Amino acid sequence: MNTNSSPAGAEVVTLASDLIRIDTTNTGDPDTTVGERSAAEYVAAQLEDVGYQVTYLESAPGRANVITRIPGADPARGALLVHAHLDVVPFDASEWRVHPLSGDVDDGYLWGRGAVDMKHMAAMTLAVARQFKRDGTVPPRDLVLAFVADEEAGGVFGAQWLVKNHPQLFEGVSEAIGEVGGFSVTLADDVRGYLVETAQKGSMWLRLTARGVAGHGSMIGHDNAVAKLAAAVTRLEQHEFPLVLTGPVRDFLTVVGEISGVPFDEDDPQAAVARLGSLSRMIGATLRNTANVTVFQAGYRDNVVPSVAHAVVDGRFLPGQGEILERDVRAVLGPEIELQVRSLPAVETTFDGHLVDRMAAAIRTQDPTARLLPYMLSAATDAKSFQQLGIRNFGFVPLRLPPDLDFTALFHGVDERVPTDALEFGTAVLQSFLSDC
Ligand SMILES: [Zn+2]
């Protein structure tokens with residue numbers, strides 16, 4: 001398949017650019033979150049334009065989700081869900097080379113907030129779906145396309161809401177693809193590895209409270225809540241959680257070693273991670289549980305010692321390690337710190353089976369020497385919600401990237417952008433993949 005001759009490839013950049021120009025900034029506050037309705041209406045119009053029927057659902061005013069089911073040749077097979085979120089994180093336009101809502105093409109890149117997180121996938125999915133309708137392509141199994149709100153604030157008005165309130169839309173879905181994966185890293189001269197997300201860490205947010213004795217700031221004090229909490233979070237920041245080599249990380253580093261010619265030494269995973277360049281920040285976070293303090297709140301007046309202080313710790317745990325992380329954090333903080341814990345499970349599947357074979361075959365139609373690598377994402381996605389329906393989740397948004405691009409830094413980053421030829425590549429791969437999944 002030649003990407004240049006594909007009509008889907010020809011319209012994907014326009015679709016992605018149009019979506020970027022619709023401001024869908026998710027502030028985390030429903031009152032100031034904008035644009036999801038306009039983006040969802042745009043998506044629905046693109047699908048209806050070629051003859052699809054869509055389900056349009058608002059979980060709250062403006063918090064819009066669009067779902068469509070493309071019937072497959074064999075309804076007895078489990079359906080495949082393809083999901084993308086339409087919201088984006090906020091930006092400070094003054095820091096950008098181009099305006100983050102411009103959706104401009106320059107220097108071979110499409111620029112703007114959402115270019116890689118993840119209006120690109122929404123656009124690629126739309127382009128392929130539109131092409132299927134024009135060609136009369138019937139996929140081998142049902143496809144469920146979901147364009148959802150609110151992923152950047154946990155999916156409360158998007159994936160989570162749909163799974164809780166409209167599970168029938170996902171009836172029969174056995175597998176899903178979504179963010180974050182499918183992008184290439186150049187591991188040897190002209191040999192690219194494509195990362196497929198097969199696991200993601202669990203999330204654990206811990207609200208810490210320290211209590212002490214209130215008093216006048218001028219007097220000899222004792223039992224200061226602020227100082228106690230500060231000491232506890234400092235201990236936590238200095239604590240290194242034990243290294244645990246999990247299956248997906250071992251598999252990832254083994255394949256990297258094979259391709260790069262530097263065999264993976266299981267006794268020294270950190271050295272292997274250090275050789276990954278810009279990717280090491282993300283992969284390094286999947287070698288162990290982590291806990292970073294993100295919020296510290298205490299005090300209300302210069303001359304008053306408050307009786308209470310609060311902090312929030314963002315913890316992330318490896319699959320099966322939730323209780324271990326909580327136990328370790330409690331031990332480091334000590335008995336005087338009260339904890340409230342809210343967590344979301346890890347996600348994990350195996351890197352095998354027909355769907356994985358098809359991912360590899362589809363990528364190789366465009367990049368014949370490509371290798372696929374399973375990996376674990378350190379962050380969270382809507383896969384956490386879809387997992388509740390018993391769905392196997394993969395991160396697979398195919399993109400062939402130039403070797404020098406620090407791709408992971410573009411997520412939520414300044415000057416977020418995606419190569420236009422990567423969008424065309426991804427559309428061709430997705431078309432091949434969804435035609436024979
Ligand atoms: Zn995202």
Side-chain angles (χ1 to χ4, degrees), residues 15-16 19-20 22-28 33-36 39-40 43 59 63-66 81-91 100-101 103 110-126 145-163 176-183 195-203 279 281-282 285-286 314 316 344 346-347 375-387 391 393-399 401 405-418 422-423 426 430:
L15 292 165
L19 283 169
I20 287 170
I22 302 169
D23 183 1
T24 55
T25 299
N26 187 343
T27 61
T33 291
V34 293
E36 287 170 338
V43 165
S59 52
R63 310 308 301 268
N65 301 276
V66 172
L81 169 66
V82 183
H83 59 96
H85 63 83
L86 297 174
D87 61 321
V88 296
V89 291
F91 51 79
L101 299 177
L110 172 67
W111 296 70
R113 181 57 90 219
V116 303
D117 189 6
M118 59 175 300
K119 288 174 171 174
H120 65 336
M121 181 58 169
M124 291 195 291
T125 305
L126 281 177
L145 313 185
F147 303 87
V148 301
D150 198 36
E151 190 276 340
E152 297 293 358
V156 176
F157 296 98
Q160 242 189 72
W161 180 82
L162 288 167
V163 162
I177 61 166
E179 61 181 352
V180 174
F183 57 93
L195 275 64
V196 176
E197 182 199 321
T198 56
Q200 62 181 242
K201 290 175 89 175
S203 309
L279 209 56
R281 282 178 293 129
M282 182 173 73
T286 60
D314 183 349
R316 306 290 171 132
L344 293 171
V347 177
Y375 91 102
M376 186 191 301
L377 178 69
S378 58
T381 71
D382 280 337
K384 289 203 184 328
S385 298
F386 294 121
Q387 179 173 251
I391 295 171
N393 285 278
F394 296 92
F396 186 64
V397 178
L399 294 175
L401 299 173
L405 182 68
D406 184 357
F407 184 64
T408 55
L410 298 177
F411 285 78
H412 302 191
V414 170
D415 288 341
E416 185 177 346
R417 63 197 183 280
V418 65
L423 288 178
L430 203 58

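Counting starts at 1 for both ligands and their atoms, in listed order. These numbers come from a predicted model, not from an experiment.
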Quiz item: Taking only residues two or more places apart in sequence, or in another chain, which ones meet S385 in a side-chain contact (heavy atoms from CB on, under 4.5 Å)?
Solution: A159, Q160, V163
Exercise. Taking 2.8 Å as the upper limit, name the protein N, O or S atoms near the Zn ion (ligand 1).
Key: H85 NE2, D117 OD1, E179 OE1, E179 OE2
Practice problem: Hey, can you tell me if H83 and F386 have their rings parallel, tilted or perpendicular (30° and 60° cut-offs)? | Solution: tilted
Practice problem: Can you sort out the partners of A40 under side-chain contact (heavy atoms from CB on, under 4.5 Å), two or more places apart, ordered by chain and number? | Solution: Y56, A64, V66, L86
Quiz item: Does a side-chain heavy-atom distance below 4.5 Å link L279 with L195?
Solution: yes
Practice problem: Using the test side-chain contact (heavy atoms from CB on, under 4.5 Å), find all partners of L101 that sit at least two apart in sequence or belong to another chain. | Solution: D23, F91, H99
Quiz item: Could you state the interatomic distance from CZ (R113) to OG1 (T25), rounded to the nearest 0.5 Å?
Solution: 8.0 Å
